[in-house]
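Below: the structure, in structure tokens.
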There are 2 protein chains.
Amino acid sequence: MPRPPARPPGEKSTREQILDVALELFTDVGYEKTSLREIAERMGFSKAALYYHFASKDDILMALHMRLHELGQEGFDQFESGEVDPAEWPAVFDKIISRMFEHRTLFMLHVRNHASFEKLHEKGHEQQHVDLEERLRQILADDRVPLPFRVRLACAFGAVMAGMLMSSDIFSDVATDDLSTILQGAVRDLISPAAVPSPA
Amino acid sequence: MPRPPARPPGEKSTREQILDVALELFTDVGYEKTSLREIAERMGFSKAALYYHFASKDDILMALHMRLHELGQEGFDQFESGEVDPAEWPAVFDKIISRMFEHRTLFMLHVRNHASFEKLHEKGHEQQHVDLEERLRQILADDRVPLPFRVRLACAFGAVMAGMLMSSDIFSDVATDDLSTILQGAVRDLISPAAVPSPA
DNA sequence: GTCTATATTTCGATAGAC
DNA sequence: GTCTATCGAAATATAGAC
């Protein structure tokens with residue numbers, strides 16, 4: 001079989017470098033507004049060269065989608081395995097928040113380009129994988145969990161997103177560890193069982 | 001002076017109708033992906049007719065920006081007027097959440113098209129008004145307020161956003177009043193003074 | 001206020017040489 | 001793996017009639 005590497009260790013493949021550049025541009029310029037010419041320019045080669053590494057522009061976006069998807073698998077597996085025990089959620093969330101922080105750009109990419117990702121889903125790019133967003137949707141729609149709890153769970157994700165968003169902006173001075181700790185405390189107040197009134 | 005109306009009461013002007021259509025399309029298709037042809041089609045007239053009501057595509061987006069901006073003025077004025085008394089914030093937030101809920105699409109438009117709005121700001125579309133986002137930024141950057149509190153304030157906005165996002169999706173069955181109440185409770189847990197540990 | 005027709009630009013994608 | 005050159009599609013915007 002063909003062996004791809006023969007690359008100095010610790011050095012990224014051209015393909016991965018393209019994805020890094022695309023991630024940055026797509027996130028703060030927007031997917032539609034970012035042209036392949038712009039990506040190629042930053043990479044130091046021509047637009048056509050991109051087509052050696054990716055079949056299309058959509059293909060680049062899809063590759064970034066997979067990055068997040070693989071990341072999310074582990075996190076969500078913890079959530080869904082076994083029974084839903086709300087008492088455990090804060091602890092589980094602590095880990096999830098840390099992981100989200102490490103790859104916050106990836107999350108922001110999705111928030112900021114929601115429409116483009118939906119188009120991707122509709123088009124021929126059918127994949128047999130269960131979408132990350134779809135899994136969250138299922139958890140939030142689970143009738144066995146009281147509604148206030150589920151809403152607060154959604155809020156928790158939103159809160160972390162907002163914190164991450166600001167971390168690269170207003171709170172950029174603050175150490176990410178401190179920020180992460182504050183966020184964990186906030187999420188605890190949101191979804192710890194004591195905070196959620198049980199329905200009548 | 002010229003008088004515009006002569007329109008049956010309760011009926012919206014063509015300009016406002018265009019904005020309504022644009023708001024919907026920009027929000028769930030995306031600003032860049034939405035073509036003027038698509039807007040015109042829904043309006044029942046041709047693309048060129050749009051240019052009678054708006055100078056450019058950007059001009060439509062700007063008009064929608066102003067809608068949110070006017071909305072935000074009142075809310076933020078409460079926040080900034082007088083001293084910053086954290087004890088009052090939860091009460092103030094209750095009102096703000098209600099207002100945000102009424103116009104949630106407008107907020108989602110901004111979240112989902114952040115890059116496009118930034119472009120608008122850079123371009124020649126200089127306006128003398130203080131941007132809504134800029135005002136929030138200033139509040140969150142105010143050193144007189146302890147950091148954990150400010151981060152939690154950011155979280156509160158994120159939480160409400162997430163709740164609103166889901167309200168048109170997973171929680172679409174739930175009455176908006178119920179949802180609003182749950183959100184208010186969640187925000188209280190996030191930013192009530194008791195919840196925030198005072199710094200050492 | 002709305003139309004048809006068209007100018008202009010930009011972009012994604014392909015072909016084929018090296 | 002990267003290049004130059006180019007095609008074809010689609011979009012914004014304008015001109016001028018009605």
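Naming convention: chains lettered A, B, ... in sequence-line order (proteins, then strands); numbering from 1 in each chain.
Checked against D:dC3, C:dA13, C:dG12, the side chain of A:S35 finds its nearest nucleotide in C:dG12.
One finds a side-chain N or O of B:Y51 lying less than 4.0 angstrom from the OP1 or OP2 phosphate oxygen of D:dA13. Applying the 4.0 Å criterion to OP1 and OP2 of C:dC3, one finds that B:S46 has a side-chain N or O inside that range.
Here the C1' atom of nucleotide C:dT9 and the NZ atom of B:K57 are 15 Å apart, to the nearest Å. What separates CD of B:E32 from P of D:dT12 is a distance of 9 Å, to the nearest Å. For A:L25 and C:dC11, the CG to P distance is 13 Å, given to the nearest whole Å. We find that NE2 of B:H53 is positioned 8 Å from C1' of C:dT2, with the value rounded to whole Å. Atoms CZ (B:F54) and C1' (C:dT2) sit 16 Å apart, rounded to a whole Å. Distance B:L50 CG to C:dG1 C1': 12 Å, rounded to the nearest Å. The CD1 atom of B:I39 sits 15 Å away from the P atom of C:dT2 (whole-angstrom rounding). A:K33 places its NZ atom 14 Å from the C1' atom of C:dC11, with the value rounded to the nearest Å.
Between the side chains of B:R104 and B:S168, not a single donor N or O lies within less than 3.5 Å of an accepting N or O. Side chains of A:H121 and A:E133: a donor-acceptor N/O pair is absent below 3.5 angstrom, by distance only. Looking only at atom types and distance, the side chain of A:Q73 has a donor-acceptor partner in the side chain of A:R135 under 3.5 Å away.
Comment: B:E16 engages B:R67 in a salt bridge, judged by a side-chain N to carboxylate O separation of less than 4.0 angstrom. A salt bridge links B:R37 and B:E41; the closest N-O separation between the charged side-chain nitrogens and carboxylate oxygens is under 4.0 Å. The pair A:D58-A:K119 does not meet the salt-bridge criterion, since no charged nitrogen lies less than 4.0 angstrom from a carboxylate oxygen.
Remark: side-chain polar atoms of B:R152 are paired, donor with acceptor, to backbone N or O of B:L190 under 3.5 angstrom. Judged by distance alone, with hydrogens and angles left aside, the side-chain atoms of A:S172 form a donor-acceptor pair with the main-chain N or O of A:D169 at under 3.5 Å.
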Polar atom pairs (N or O), protein with nucleotides 16-18 of chain C, under 3.5 Å:
none

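Place A:K47 and A:Y52 on DNA chain D by their nearest nucleotides, and A:Y52 ends up nearer the 5' end. Where A:T14 and B:R37 meet DNA chain D, the nucleotide closest to each residue was compared, and A:T14 sits on the side nearer the 5' end.
The rotation axes computed at either terminus of the helix from C:dG1-D:dC18 to C:dC18-D:dG1 lie 10° apart, taking five pairs at each end and rounding to 10 degrees.
The ring-ring contact (aromatic ring centres under 6.0 Å, His included) with A:H65 is formed by just one residue from the set A:Y31, A:F107, A:F26, A:F117; it is A:F117.
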